[in-house]
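Data block below; observations after.
Throughout, a chain's letter reflects where its sequence line sits, starting with A, and its residues are numbered from 1.
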Amino acid sequence: MTEKTVLMGYAATVEAIIFASDKPVRERELRHHIPDEQDMVPIIEVIQQRFDASCGIELRQVGDGWAFRTRVEVAEQLNQHKQVERPLSRAALEVLAIIAYHQPITRAEIEEIRGISLSKGTMDILLELTWIKPRGRRRTPGRPLTWGTSPAFLDHFGLDDITDLPGLDELKSAGLLRKGQMLGALMDTPPTNQDYDADEQGDDLLDEKPMEEAMFEAGLSVNSDEEGADA
Amino acid sequence: MTEKTVLMGYAATVEAIIFASDKPVRERELRHHIPDEQDMVPIIEVIQQRFDASCGIELRQVGDGWAFRTRVEVAEQLNQHKQVERPLSRAALEVLAIIAYHQPITRAEIEEIRGISLSKGTMDILLELTWIKPRGRRRTPGRPLTWGTSPAFLDHFGLDDITDLPGLDELKSAGLLRKGQMLGALMDTPPTNQDYDADEQGDDLLDEKPMEEAMFEAGLSVNSDEEGADA
Amino acid sequence: MTQPGDKSFEADIRHKNGRQLALFVNLEGFEGPIDLLLSLARDQKVDLTHIAILPLAEQYLNFISSARQLNLEIAADYLLMAAWLAYLKSRLLLPEPEPEGDEEIIDMADALRYQLVRLEAMQQAAKRLISLPRLGQRRFARGAVEQLCITDEAVWHAGLYDLLACYGDIRSELENETLTISATKLFSVEEAAERLRHLIGSMPDWTVLENFLPANLREPIDRRSATASHFVASLELARDGLLKLRQDAHYTPLYIKSKDAP
């Protein structure tokens, strides 16, 4: 058997496993069926060649797994298959977006961004949909739990990676992905920006910068005299 | 557009429809999506060419419809491992949850919390899943064995760390403490993550052959003729 | 930076007010005060980063006061924001703000703008998110799932939600049970009488009754219970002639003393 044939053989196995499932199959699971020394990349390439743009189905990476999904281009033809789903409430959708774009984020920070406390059931729904999951605790007093999105979220919204969120870069450079409360902070105690630096996992979608920079980037004039800006 | 391209376009649609359907799709249904004057045969041929013998999947006629199926050769090879997924029993889920939140915890303590004695099979299942593991012995009379969760548990539930489990307050605010919510203000229960630090560093208390005894306690038979069972 | 009083603009707002109230007869359509402000701000049809705060604040305050005239129930969040905006407005209207206060007030206006811009960005992000080609809507998974191979994935299936919901149930039941235990922590009059009998001998002079309460009362409810039962117990002991009671005036502390003390 030539090397090519061997590779095709592995590709057939991997294809079949992923194709059989409606959920993404983790790469670790696939590895059980191919020899340790075999690299995964060429196998995936073989499969992706078969399921090229002319095909109605595509191989998608979902977190650390792979799944076959129909291509968006043929969506119009598939309309009659549309799943009936309970529409997400406006609050739940807004919270989902805030978690997706600001992760890892605590419950309190979500409430600060929306300027209203979260009603019971909102997080519950997102958790039940398996779109969000805990993302470690903040190293601040009370060690609050932070939340982020799950691989199922990526799969559902057709994103390869969380950095593929629409408009993420613009929001980031506009300084709009800053956590923390502005109004409350000004109303009573000075904001403690350092609270937000010490994130345990450190993989926020943005570099931590003080709030006034965020406001500057957002196009808001901030008095840059030494004293005025340290609120 | 060449005739070929048009044909490929129809093939993509048909592929996607068959892929997304949960049962074989009749030719009559497929015909809704392609013009009347278009012959079905060349479309099927295009698809069968893509899913040729080198592929892990094939397009097959099933009854009077079309369906994708895993190729027999590949399926046979994979079916050696075939297992059916079943939901975890309520009892096992409860025990797992209690171990996760209260580890290290003894069997007697689990029974105390549930107010019911543990049936043999329950720990058995969790051990077999490698989601729990012995965590050393309590320094109390009888030196009872304690249990905790394993890395495989974290992996399965998508957690980075055991402290990512939401605490009581967080469960409550996520709407997951269904009963007894009105008692929150009165009770002020301590956050559960303190529990993890509270116990002695379980792992260094391990006696020589904990796994064997653990398996014995869990009702699993152990070949005690050799020492291979070390954790 | 914030121009008070573009007259035509304010008139415009007053004109609009009726329509807005008709549109949002109550506040339930809004996700909080910032959301309401954002909705009002959108009517100004200017870049949010440059929105004039003063007319916006006035619009909000008018909106709230009209809602109150209609006897609509207004959540505390909205009233708090109204109070804050009223303060901001008064500061912005000061003819010549003192130099150092000026910066602070500009910061406040900017902070409000930032909150508006950020929430607007998130609401738009939510719309973009939900219009992505979602699974089950415009993209589909394999319909006919085949059971092939599950080697190391669990035979038994359970998700994080199942685990958490299960533990939630367990804890809920436990909490219900513990309530009965905590109820017995309350002080009975008999216990209090017993304590007082033991302690009174060691107190030679008039002592405030509260000093006799146990030291480890952490919960307010425990404290109230202990105070009540000790009070009743002291009355009983006084009746039995074991101690003396004194109160100098209404609502002043109650003093007790052993009957044997001088």
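- For the atom pair A:Leu127 CG and C:Leu160 CG, the distance stands at 6.0 Å (nearest 0.5 Å).
- In this structure, the portion of C:Leu164 lying under 4.5 Å from any heavy atom of chain A is its side chain and not its backbone.
- Going from atom CG of A:Asp155 over to atom CZ of C:Arg134 covers 12.5 Å, rounded to the nearest 0.5 Å.
- A:Leu159 touches chain C through its side chain: at least one heavy atom from C-beta onward sits under 4.5 Å away, while N, CA, C and O do not.
- Contact annotation: the side chain of A:Leu165 approaches that of C:Leu129 to within less than 4.5 Å [non-hydrogen atoms, C-beta and beyond].
- Interface check for chain C: of the options A:Leu96, A:Val25, A:Val72, the most heavy-atom pairs under 4.5 Å are formed by A:Val72.
- What you find for A:Tyr101 and C:Ala125 is that their closest heavy atoms are CE1-CB, 3.5 Å.
- We find the CD-CZ distance between C:Gln115 and A:Arg114 to be 12.5 Å, quoted to the nearest 0.5 Å.
- Salt-bridge formation is not detected for the pair A:Arg90/C:Glu31: no Lys NZ or Arg NE/NH1/NH2 atom is positioned less than 4.0 Å from an Asp or Glu carboxylate oxygen.
- The minimum heavy-atom distance between A:Ala97 and C:Met122, with the atom names listed, is CB-O, 3.9 Å.
- Contact detail for C:Leu119 and A:Glu94: the closest heavy-atom pair is CD1-OE2, 3.7 Å.
- Contact of the A:Leu176 side chain with the C:Tyr114 side chain is registered, since non-hydrogen atoms from C-beta on lie closer than 4.5 Å.
- Using a 4.5 Å cut-off between heavy atoms, A:Phe157 touches chain C through backbone and side chain atoms alike.
- Of the atoms belonging to A:Thr130, not a single heavy atom falls under 4.5 Å from chain C.
- Of the atoms belonging to A:Ala91, heavy atoms from both backbone and side chain fall under 4.5 Å from chain C.
- Checked by atom type and distance alone, the side chain of C:Arg142 pairs as donor or acceptor with a backbone atom of A:Phe19 at under 3.5 Å.
- Proximity of A:Ile116 to C:Asp35: side-chain heavy atoms (C-beta onward) are nowhere separated by under 4.5 Å.
- Using a 4.5 Å cut-off between heavy atoms, A:Leu171 contacts chain C through its side chain alone, with no backbone atom that close.
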